[in-house]
Amino acid sequence: MFQKMKGTYDLLPKDTGKWQSLERTIRNVSKLFNYSEIRTPILENTELFHRGVGEDTDMVSKETYDFIDRGKRSNTLRPEGTAGVARSYIENKLYADKVPVQKFYYVGSMFRYERPQKGRYRQFAQFGAEAFGSNSPMLDAEIISYAVSVLKALKINDVEVQVNSIGDKESKVAYQKALIEYLKKDIGTLCGDCQKRYVKNPLRILDCKVDKDTELLKNAPKPIDYLNESSKLHFEGVIKYLNSMGIKYVVNKNLVRGLDYYTHTVFEVNANLETLGAQNTICGGGRYNDLVSSLGGPNTPGVGFSFGLERLMFALESIDFKGDPNFLHLYLMILGEEQKEDGMAMLNRCRLGGLSSDIDFLDKAMKGKFKQADFLNSRFVAIYGELEKAEGLINIKDQSTKKEVRINKDQLYNHIVTELMNPEPSGCGCGSDDSDDDCGGDCESDGGTCNC
Ligand code: HAM
């Protein structure tokens with residue numbers, strides 16, 4: 001028997017309602033912020049990630065799924081969304097669009113060869129947003145506020161937003177120098193990878209999974225202390241706008257993020273919820289002013305974030321998020337071979353009219369059919385047998401009120417729609433037309449609306 005690959009999972013129908021509801025919230029909030037959906041390929045040229053994300057990052061050097069295709073080209077399953085969106089922005093010349101600030105969001109699968117654990121998969125889903133074309137700190141603040149608004153809309157409140165700045169290119173160079181100097185005499189105490197990074201890309205030492213928590217790295221100089229004037233001003237601007245929008249955050253001087261494209265603002269959102277386990281970073285992002293130019297596009301600044309959707313789902317567990325309910329409007333029960341053609345016609349009519357409907361395909365006995373209707377959470381159950389056919393009628397029962405009626409079979413669709421549009425009677429539901437007296441719930445009249 002085949003089994004799913006390590007680090008992947010099946011999303012079964014019982015859970016897809018929650019995901020759809022989560023995605024709907026994401027789309028609604030995205031509309032409020034005026035971000036439009038972009039869909040880029042899952043496969044990109046390997047080189048894109050080497051140049052975009054950086055070949056010394058863990059993601060590119062250790063975690064990508066690369067393969068040579070039949071045309072001898074090197075392909076990579078995207079490990080993240082930003083590089084592909086930037087590639088698309090350049091390739092489709094969106095920088096020349098009438099709207100100079102282009103704002104996108106995406107929802108889709110990413111692939112990283114990581115050690116799987118709760119909240120960490122080899123195929124996982126991200127919701128990300130990227131905005132190109134402005135260096136204004138207002139856009140950094142908007143991106144953070146957008147991420148926070150998604151969490152608010154989902155009612156995930158127990159979160160902490162951490163922000164930091166690593167500055168522009170010049171500030172990063174100044175910081176790198178200081179870091180090299182600081183590590184010079186002790187670099188031999190760090191892992192082999194860090195020793196290589198020391199030569200090739202010292203900044204990546206700070207997010208080394210092995211040595212990150214050593215005293216040496218904890219006491220290392222902080223990027224925020226090496227910002228040049230314009231980088232300082234930019235960060236002050238971001239903080240000012242976050243404050244003006246009432247967004248709570250903490251400045252974490254140790255936050256650098258593990259990807260090479262970042263400049264200026266970097267941020268993460270951590271959720272302090274038991275249902276998340278150790279992987280509690282639900283969102284990460286930042287500004288990347290040199291990414292577009294490094295990929296061959298014009299000098300265009302950008303800023304964005306990505307949420308891990310599985311982690312968001314775990315966070316939602318803690319607030320007992322139900323998502324979209326699974327239900328049917330109609331479960332049609334056909335009794336006898338002769339009635340099946342009429343049954344299929346009625347079913348089709350209901351479906352085309354917008355009623356979610358199903359039928360028993362297994363000729364189960366009556367008890368089994370009712371069980372199915374219950375499992376499928378059907379509001380109405382209709383029975384069509386030999387007798388009904390002879391009279392041109394159909395029996396229909398409203399499972400919520402237990403009210404049963406026998407109607408002309410051609411009225412099935414209209415009947416259900418009318419019932420669905422009529423709000424529940426405001427009284428006890430007994431059907432009495434007496435609006436003054438208390439019927440006690442056992443009134444036998446079935447005309448009019450009970451208001452007692
Ligand atoms: P990242 O921090 O690598 O950033 O990933 C963003 C989020 O994706 C993480 O915070 C986490 O929630 C989720 N995530 C990452 N790896 C896994 C995994 N193996 N399994 C489950 N979830 C995972 C980026 O990807 C950047 N592209 C973010 C960005 C967008 N920066 C600017 N724009």
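Remember, it's 1-based here, ligands and their atoms both numbered in the order they're listed. Quick caveat, the model's predicted, so the values are computed rather than measured.
- Side-chain N/O atoms of Arg311 and Thr281 include no donor and acceptor closer than 3.5 Å.
- Of the listed residues (Tyr261, Tyr262, Tyr121), the one carrying the non-hydrogen atom nearest atom 31 (N) of ligand 1 is Tyr262.
- Checked by distance only, ligand 1 and Tyr288 stay at 3.5 Å or farther apart across all their nitrogen or oxygen atoms.
- The N/O atoms of Tyr106, backbone and side chain alike, include none that comes under 3.5 Å of an N/O atom in ligand 1.
- Annotation: atom 19 (N) of ligand 1 to nearest protein heavy atom, Glu114 OE2, 2.6 Å.
- For ligand 1, the polar-atom distance check against Phe307 finds no nitrogen or oxygen pair separated by under 3.5 Å.
- At a cut-off of 3.5 Å, with distance as the only test, no side-chain donor of Asp211 or Thr214 sits close to an acceptor on the other residue.
- Side-chain contact, Tyr121 with Thr8: no donor N or O sits under 3.5 Å from an acceptor N or O.
- In this comparison of Phe305, Tyr113, Phe124, the heavy atom closest to atom 23 (C) of ligand 1 sits on Phe124.
- In terms of protein heavy atoms, atom 6 (C) of ligand 1 is closest to Gln126 NE2, 3.4 Å.
- Backbone and side-chain nitrogen or oxygen atoms of Arg112 are examined, and one is located within less than 3.5 angstrom of a nitrogen or oxygen of ligand 1.
- In the candidate list Val269, Thr82, Val266, Thr82 is nearest to atom 30 (C) of ligand 1, counting heavy atoms.
- Side-chain polar atoms of Tyr105 and Arg27 form a donor-acceptor pair below 3.5 angstrom.
- Protein heavy atom closest to atom 13 (C) of ligand 1, with residue, atom name and distance, is Gly308 CA, 3.5 Å.
- A donor-acceptor pair shorter than 3.5 Å cannot be found between the side chains of Asn28 and Thr25.
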